[in-house]
Amino acid sequence: MTKAATSVARKRIAGLLDEGSFLEIGGYVTARSTDFNMDAAAEPTDGVITGYGTIGERLVYVYSQDAAVLGGSIGEMHAAKICRIYELAMKMGAPVIGLIDCAGLRLQEATDALHGFGSIYRCQCDASGVIPQITAVLGSCGGGMALVPSLTDFTFMEEKAKIFVNAPNTLDGNTTAKCDTAGAEYQSVQAGSADVAGEAEIFEKIRTLISILPANNEDDGPTEDCQDDLNRLCPEAASFGGDTRRILESLSDDAFVFEVKEKYHPEMVTAFIRLDGMTVGAVANRSAVYGEDGKPAASFEKKLTMGGCEKAARFVRFCDAFEIPVLSLTQVTGFLAVKEEEAGIARAAAVLTQAFAGATVPKINVIVGEAEGSAYLTMNSKSVGADLVYAWPGASIGMMDPQAAARIMYAGQIDKAKDKAGALKEAADKYAKLQSSAEAAARRGYVDHIIAPEATRKYLAGAFNMLYTKREDAPARKHSAV
């Protein structure tokens, strides 16, 4: 291996870990295969540098692939080194971070390389829900290698990197110029495979993640001394309207928000926040995006979508696996009614429902707007297991929009009225007061308390502290089948 080649992978590790903390494992390993004159190409490290170090003095294991050695392709010993890192990480209960730059399967090693791929998959599956797994795609990630970041909990992608199972030009009717399905834009916006940023920003995001996540599923997780007043009022919370990400900023300690899959289905926000120094996973319906100037920059229907449900479900399952409390901000009026969604929205909503219902961590729901029909039930309602449900005074909770219900229930009276618009409004107001208001839901026990928007932070901080010692046993089974 050339010095230049060595420096690429090593510099990436050095740029990620605490200075001077990295210790290499397997630095003398070379490929064993001699087919196709491979012995002449044997290089120390076999195209991947593996070892351990610290981030913020917390132990992590890392592997960094080197595209300068046979394209960073995975062969038998290359895979064995990555599996060795996973073995140690599982024993020690520490996260694994992969820095990917790989041409895929090493053709010269054929079935040995194929077995190596499978061994990595198995290690990742065994580690899922036990230790956090993070990948950063910094170059090519093609073919079977594309499964590797998909099997991890968090994936980042450098702006010029590529992720693909099938290269764009091999897809019928497509070219890279027409639609670069391997590119960052497609993978972040359409596929939801990764969050995109520059390399330095990716490393900063990984360091932040390590600072807020538990090291393993038995770890209590890192906490910080909260310098932000727990009783601080948030008068701006209600002014953000449907931009629930901005609401989360107002609620979190020092406005900390770490959003996951930000560009993928932005109508569903998944993010980590901090309350009283504790990491909390937040899932929020979003109907608007406000720019820095305070003006709306984008808007979405208050509907659940297939992609949004899938995104939220996977995030909730991660939080539950690592004992991270879950907060939901609900404002949803139903399911998106378009033909493409109809093919899978019921299934996707069922998966999200199972994720919330099956989670045994503390769960709190805040209804900040409309909460209507089955879509509301899916969003961490009291019915599917929320420990506490709060509602803002203007929230509406019910089967459907009050006007739509009034048109059905009072059709005869409205048709006979001289002032049909006035009659409809009167009937809708009556229905809302009796069936769809926050007060009506609270009287029936579906809402635990109606709180002022500006007081939301102090209520949540107190509630999560109260729920800190929650213990709930799931039914005896291997896992759900949903």
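Keep in mind that the numbers below use all heavy atoms, side chains included, and drop hydrogens, waters and symmetry copies. Sequence positions, counted from 1, serve as the residue numbers for this chain.
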Could [X] and [Y] be called an ion pair, given the rule that one side-chain N must be under 4.0 Å from one carboxylate O?
X    : Y    : value
D254 : R274 : no
R314 : D153 : no
D243 : R286 : yes
D253 : R457 : yes
D219 : R58  : yes
E87  : K91  : yes

If you draw a 6.0 Å radius around [atom1] in [X], do more than 12 non-hydrogen atoms from other residues or ligands fall strictly inside?
X    : atom1 : answer
R232 : CZ    : yes
M92  : CE    : no
E342 : CD    : no
K470 : NZ    : yes
F240 : CZ    : yes

Supply the atom-to-atom distance [X] [atom1] to [Y] [atom2], rounded to the nearest 0.5 angstrom.
X    : Y    : atom1 : atom2 : value
T135 : M157 : OG1   : CE    : 11.0 Å
L151 : Q133 : CG    : CD    : 7.5 Å
I74  : F117 : CD1   : CZ    : 4.0 Å
E310 : R347 : CD    : CZ    : 12.0 Å
K160 : S140 : NZ    : OG    : 15.5 Å
S211 : L209 : OG    : CG    : 7.5 Å

TODO: Over 60° means perpendicular and under 30° means parallel, so classify the ring planes of F272 and F258, tilted if in between.
DONE: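 The rings of F258 and F272 sit tilted, inter-plane angle from 30° to 60°.
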Task: Parallel, tilted or perpendicular: rings of Y86 and Y63 (30°, 60°) - done: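 Aromatic pair Y63/Y86 classed tilted.
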Open item on the list: Is a donor from one side chain sitting under 3.5 angstrom from an acceptor on the other, for T175 and N169?
Closed with: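 On atom types as modelled, these side chains do not qualify, holding no pair under 3.5 Å.
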TODO: Could you verify whether a donor N or O on one side chain and an acceptor N or O on the other, from T155 and T152, lie under 3.5 Å apart?
DONE: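 T152 and T155 do have a side-chain donor-acceptor pair below 3.5 Å.
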Task: Candidate list L304, V368, T244, L329, test side chain to side chain contact (heavy atoms under 4.5 Å, CB included), partner N285, passing option - done: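 Exactly one candidate clears the test, L304.
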Heavy-atom side-chain contact between [X] and [Y] under 4.5 Å:
X    : Y    : value
F203 : R207 : yes
M268 : T305 : no
L460 : V366 : yes
F256 : T279 : no
K261 : F154 : no
S374 : F335 : yes
E301 : E267 : no
D180 : K162 : yes

Open item on the list: Please determine whether side chain to side chain contact (heavy atoms under 4.5 Å, CB included) holds for the pair L138 and E199, giving the CA-CA distance in whole Å, both sets of side-chain angles, and the decisive distance to 0.1 Å.
Closed with: CA-CA 7 Å; L138 304 173; E199 186 172 306; 4.2 Å; yes
Do side-chain atoms of [X] reach the backbone of [Y] as a donor and acceptor pair under 3.5 angstrom?
X    : Y    : answer
N174 : C179 : yes
S150 : A146 : yes
N216 : E218 : yes
N365 : L327 : no
S188 : V196 : no
Q187 : I163 : yes
K382 : L388 : no
D320 : V316 : no

Task: Ring-ring centroid check F464 Y468, cutoff 6.0 Å - done: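 Here the rings of Y468 and F464 have centres that are no less than 6.0 Å from each other.
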Open item on the list: Run Y459 and H449 through side chain to side chain contact (heavy atoms under 4.5 Å, CB included) and show every step you take.
Closed with: CA-CA 10 Å; Y459 274 100; H449 198 35; 3.3 Å; yes
Open item on the list: Run the side chain to side chain contact (heavy atoms under 4.5 Å, CB included) test on Y186 and Q190 for me, step by step, so that the C-alpha distance in whole Å, both residues' side-chain angles and the decisive distance to 0.1 Å come before the verdict.
Closed with: CA-CA 5 Å; Y186 184 90; Q190 300 296 324; 3.8 Å; yes
Donor-acceptor list for residues 349-361 side chains, cut-off 3.5 Å, not counting sequence neighbours:
| residue | atom | partner | partner atom | Å |
| --- | --- | --- | --- | --- |
| T353 | OG1 | A349 | O | 2.8 |
| T353 | OG1 | T378 | OG1 | 3.2 |

- [ ] Kindly give the heavy-atom pair with the smallest separation between P453 and A237, and that separation in Å.
- [x]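 Heavy-atom minimum between the residues: O-CB, 4.0 Å.
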Task: Closest heavy-atom pair and its distance - A197, I202 - done: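 Result for this residue pair: O-CD1, 3.5 Å.
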TODO: Identify, with sequence neighbours excluded, every residue that meets side chain to side chain contact (heavy atoms under 4.5 Å, CB included) alongside L88.
DONE: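 L88 satisfies side chain to side chain contact (heavy atoms under 4.5 Å, CB included) with I25, Y61, R84 only.
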Open item on the list: Under the criterion side chain to side chain contact (heavy atoms under 4.5 Å, CB included), I'd like the reasoning laid out for I345 against L336: C-alpha separation, chi angles, the key distance, then a yes or no.
Closed with: CA-CA 8 Å; I345 185 59; L336 187 61; over 6 Å; no
